[in-house]
Every structure is written in C-alpha cells, then in structure tokens.
Amino acid sequence: HFYDGGALYGHYRQTGGAPHPGRLDGGVSAGGIVGGYWLQPDGDHPCAYPREGTKVWGHFTITNAWSVAPHGVWGYCDEIPRRSWDLQRR
C-alpha cells in the first residue's frame, strides 16, 4: 500500500479567485512522498463520476515535500499526474 507512513488532509487556495478552497486527501509513503486526491467543489473539468461528493477531482504527487523546494504534479480525474504544481511553503 502506497500510504504506509501516515494520512494527509488539508486545504489549498484555488487560483483565479474561486470562492471555495480545494481539499487534499491522501497520505505519506515511508519514503516521504506525498500523494492522493485533490478535490474542489466546482471547476472547469468535471469528471465522469464523483469522488467524496464532487465531480471536480484528480490525483496528485509531491516529492521533496519537507524541503524548501517541494515538487508537485497533478492530473484531472483518473489521468496520471503530469501537470506541474507551483507549490509554496508557508
């Protein structure tokens, strides 16, 4: 099982001034890779079926999550995450 190092839950700000925050639901592997699903209440690319109450979701992976330069990729619905994610630590 990929998520053998712990669970991950959180929120993120959507781009473009969207009124509702997005949500992350996933886990951390023993090797420190973060991955799971991103979910939004609305968006331009609805999926064919809902996940956790929304049709706007996809997969994500973050490597170097605990470093000063994390790297993230994401994808819509069931596509393999390949889109770059601009991550900023706070």
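This structure is a prediction, so every number in the text was calculated from the model and none was measured.
Atom CG in Leu24 sits 12.5 Å away from atom CH2 in Trp74 (nearest 0.5 Å).
For residues 47-56, every residue pair satisfying the side-chain hydrogen bond (donor to acceptor under 3.5 Å, both in side chains) rule, not counting sequence neighbours, is listed here: Arg23-Glu52, Tyr37-Arg51, Tyr49-Asp78. Evaluation of the disulfide (SG to SG under 2.5 Å) test over residues 26-74, restricted to residues two or more places apart or in two chains, returns Cys47-Cys77. Within the structure, the salt bridge (Lys or Arg N to Asp or Glu O under 4.0 Å) test picks out no pair touching residues 61-77 (sequence neighbours left out).
Of all heavy-atom pairs spanning Ile62 and Trp85, the tightest one is CD1-CZ3, 4.5 Å.
In this structure a side-chain-to-backbone donor-acceptor pair under 3.5 Å is missing from Trp57 to Gln40.
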*Intermediate values then yes/no, side-chain contact (heavy atoms from CB on, under 4.5 Å), Val56 and Trp38*: CA-CA 9 Å; Val56 183; Trp38 60 266; 3.9 Å; yes

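Residues that satisfy the side chain to side chain donor-acceptor pair (under 3.5 Å) test with His71, not counting sequence neighbours, are absent from this structure.
The residue from Val34, Ile80, Val73 that alone fulfils the side chain to side chain contact (heavy atoms under 4.5 Å, CB included) condition with Thr61 is Val73.
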